[in-house]
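Below: one structure, written as structure tokens.
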Number of protein chains: 2
Amino acid sequence: MSAIADVARLAGVAKATASRALSGRGYVSTETRAKVIAAARQIGYVASPNAASLVTGRTQSVGVIIPYISRWFFGEVLESLELALLEHGYDMTLYNLPPASPERDRVFEFFLARKRFDGIISVCVALSEQEVDQLHRLRRPLVGIGGPIRGVPTIEIDDVAAARLATEHLLSLGHRDIVHVGGSQADEMDFQVHSNRLRGFEAAMTAAGLSASGCFYASEFTMPGGYARGLALLGDPRRRPTAIFAASDEIAFGLILAARELGIRVPTELSVIGIDGHPHSEMFRLTTLAQHPRTQGQLAVRTLLDGLASGSSVGVSAVLPTSLVIRSSTSAPRVLRALKAE
Amino acid sequence: MSAIADVARLAGVAKATASRALSGRGYVSTETRAKVIAAARQIGYVASPNAASLVTGRTQSVGVIIPYISRWFFGEVLESLELALLEHGYDMTLYNLPPASPERDRVFEFFLARKRFDGIISVCVALSEQEVDQLHRLRRPLVGIGGPIRGVPTIEIDDVAAARLATEHLLSLGHRDIVHVGGSQADEMDFQVHSNRLRGFEAAMTAAGLSASGCFYASEFTMPGGYARGLALLGDPRRRPTAIFAASDEIAFGLILAARELGIRVPTELSVIGIDGHPHSEMFRLTTLAQHPRTQGQLAVRTLLDGLASGSSVGVSAVLPTSLVIRSSTSAPRVLRALKAE
DNA sequence: GGATATCATGGAACCGATTCCATGCCTGGC
DNA sequence: GCCAGGCATGGAATCGGTTCCATGATATCC
């Protein structure tokens with residue numbers, strides 16, 4: 001329970017000098033600094049961040065708002081955020097805010113409005129203009145991950161482009177009968193991830209001269225979701241597509257398992273492509289459009305801390321690239337290969 | 001940026017009265033309270049928790065130390081912790097501390113020692129006596145999840161018993177040739193989860209008059225880990241067991257997939273049982289010993305807040321029950337069924 | 001009706017740092 | 001030798017609350 005006054009007394013200096021010696025700001029002679037540091041160590045002094053933030057206004061802590069914790073993308077982002085923040089000496093305070101959470105207003109009014117953070121990172125939680133204004137008024141920089149927020153720098157991937165690329169990969173293999181299994185708009189998160197991926201799919205299909213209508217099937221954004229959808233979709237051999245573009249790798253895993261269960265060979269009879277770059281995709285030999293959540297997290301932290309240093313400048317948004325990782329869940333459709341063989 | 005002094009001035013009372021009116025402590029007349037509350041609302045006053053904690057010593061915030069974020073068990077625990085803490089008006093500050101992390105000392109010296117928390121919850125991170133003492137000296141209550149810490153209340157399941165129950169389930173079906181696939185002691189987390197589950201397995205085998213030696217195979221604690229181990233283990237038909245006890249559901253999923261890939265029918269030719277109660281276990285029709293991480297999280301929060309209220313009393317540890325959920329990944333071994341059929 | 005308990009309020013101290021300002025010393029330049 | 005300026009230090013104010021203590025006004029009880 002030692003305070004800086006104790007350190008000062010022990011070192012035989014004034015509080016002010018002790019503070020300067022320990023923080024490194026202002027003039028202190030080398031020997032005095034050494035004395036103070038020795039005294040601090042001797043009594044195990046640790047500065048009280050509360051007292052410090054009271055006067056400086058900085059808390060050395062960042063708030064993170066996130067809708068899920070245990071889903072892959074979010075877990076990865078979270079881990080990278082925590083690591084990057086820790087490196088820069090910041091604490092991370094976590095608010096789990098599922099879509100349509102009844103806690104949402106509580107969190108905003110009760111927690112975020114208190115001046116506990118130097119900044120906030122919002123992962124796939126859209127903030128209303130009012131909420132953004134509120135934070136700006138507190139002069140707290142704000143960075144988004146996963147979707148655009150008006151007037152706020154955001155780190156994201158281009159979901160439309162990623163979906164288009166994935167679909168184009170299937171098209172380039174010769175598939176014409178392609179289905180998209182993705183999240184429904186109903187349980188969409190704040191950002192338009194689901195509908196953006198659908199739009200990218202439709203764009204690619206239309207550009208290839210194909211109709212996309214009736215080619216979308218909704219699913220939970222999970223492996224069991226994809227599995228259930230797969231069983232229903234692939235059960236009828238006559239209506240079976242030759243390829244599926246899944247909006248996430250986990251959906252794709254479920255689809256592959258459903259196909260196996262129905263005796264449909266992947267990729268011979270059915271090609272499947274996902275989006276994510278999930279670590280399990282290697283095991284499932286899934287072709288996927290990898291995004292890089294850890295990079296997104298690191299960049300978000302850097303952007304936030306830059307904004308913090310430069311005094312709430314606006315900061316710059318970034319659209320991070322995705323990369324097509326081709327494995328063996330995709331190939332030319334059987335008909336085509338039969339033709340080629342002739 | 002309004003302070004309580006502004007509220008007091010506007011309401012025409014002293015700071016002390018305004019503070020009492022807003023916090024609800026001490027005597028304030030009904031009308032004065034109404035005036036103060038109205039004034040506070042009018043200028044959008046939000047109390048500074050820093051200033052408050054400076055004098056009360058309470059921060060209304062809890063630190064959580066956890067080795068993983070995205071693994072199922074940990075994600076579940078985390079979500080339940082956050083929810084329960086939020087309900088009681090506490091913030092949750094997260095420290096991700098993988099086993100053998102180089103950040104560990106930094107986290108302890110630099111972050112935890114600062115008086116930023118009213119208490120700490122350690123999820124599967126064992127604390128050294130020194131670390132525990134340090135926290136006790138700061139009079140900060142401490143609760144563990146997932147394993148015993150000397151002198152600290154802990155919420156856990158009985159890993160030995162759970163493993164024994166799982167193995168006994170296989171034995172009771174008539175299996176004699178049983179293998180355990182679990183985590184290696186090398187990459188064990190702080191608590192003895194891996195070796196405890198192995199011990200439970202050995203205990204059950206020995207009690208049934210069987211030898212357990214040579215029946216353990218190490219695997220990463222993930223689905224790909226189980227998959228890789230499954231391919232290697234089940235490849236040779238002559239050395240194939242009739243049943244596998246997997247130390248986690250995710251390992252079990254991998255094993256099941258490997259079996260399917262090798263054309264081994266589950267459960268006809270191979271029974272598989274796991275531990276966890278993972279949400280995907282239903283999809284894999286996996287028989288499992290379900291533990292309940294959310295309950296563990298809730299109980300940990302309750303224990304911590306009790307300790308907080310009663311002033312660092314010791315609190316009581318709890319061993320939570322597991323439940324056997326029987327699905328169709330386990331059945332009597334084929335030989336036995338053939339005999340019965342005669 | 002006077003002593004006592006209860007309620008209501010204000011003034012001031014305090015939590016533990018940072019930082020502004022004043023003071024004094026020493027050095028160097030002219 | 002004197003003055004300017006850089007360096008080193010201490011005193012005191014400050015951040016924004018909570019709480020102790022004193023004071024006064026009512027209500028209660030014998």
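Throughout, protein chains are lettered first and strands after them, A, B, ... in sequence-line order, and every chain is numbered starting at 1.
- Here the straight-line distance linking atom CZ of B:F221 with atom CZ of B:F73 works out to 10.5 Å at 0.5 Å rounding.
- Nearest to the side-chain atoms of A:A51 among the listed nucleotides C:dT9, D:dG17, C:dG16 stands C:dG16.
- For A:A52, whose side chain is taken as the heavy atoms from C-beta onward, the closest listed nucleotide among C:dT18, D:dA8, D:dG17 is C:dT18.
- Look at B:R140 and B:D118 and you find no salt bridge, because none of the NZ, NE, NH1 or NH2 atoms lies under 4.0 Å from a carboxylate O.
- Because its NZ or CZ atom is both nearer than 6.0 Å to the ring centre of B:Y68 and within 45° of the ring axis, B:R71 counts as a cation-pi partner of that residue.
- The A:T56 side chain lies nearest to C:dT18 when the options are C:dT18, D:dG16, D:dG6.
- Put simply, CD on A:Q60 is 15 Å from P on C:dA17, counting in whole angstrom units.
- Residue B:T32 is in sugar-phosphate contact alone, with no base atom involved, counting any heavy-atom pair closer than 4.0 Å across all strands shown.
- Proximity note for A:V13 (side chain, C-beta onward) versus D:dT18, D:dG10, D:dC15: the nearest is D:dG10.
- Residue B:L54 has its side chain nearest to C:dG16 when only C:dG16, C:dC20, D:dT18 are considered.
- With hydrogens and angles ignored, no donor-acceptor pair closer than 3.5 Å exists between the side chain of B:K15 and the base of C:dG10.
- For the residue pair A:S53 and A:T56, no side-chain donor N or O sits within less than 3.5 Å of a side-chain acceptor on the partner.
- The side chain of B:V55 lies closest to D:dG16, out of D:dG16, C:dC7, C:dA17.
- Residue B:S29 has its side chain nearest to C:dA8 when only C:dA8, C:dA17, D:dA12 are considered.
- If you check every strand for non-hydrogen atoms under 4.0 Å, A:A47 touches sugar and phosphate atoms only.
- Listed candidates were C:dG10, D:dA8, D:dG16. Nearest to the side chain of B:R20 is C:dG10.
- Side chain of A:A14, nearest nucleotide from D:dG10, C:dT19, D:dG17: D:dG10.
- Residue B:S19 is in base contact, counting any heavy-atom pair closer than 4.0 Å across all strands shown.
- Regarding A:D6, its CG atom lies at a distance of 11 Å from the P atom of C:dC15, rounded to whole Å.
- Side chain of B:E82 to main chain of A:N96: a donor-acceptor pair is present (N/O by atom type, distance under 3.5 Å, no hydrogens or angles).
- In this structure, A:R25 places its CZ atom 18 Å from P of D:dC7, rounding to the nearest Å.
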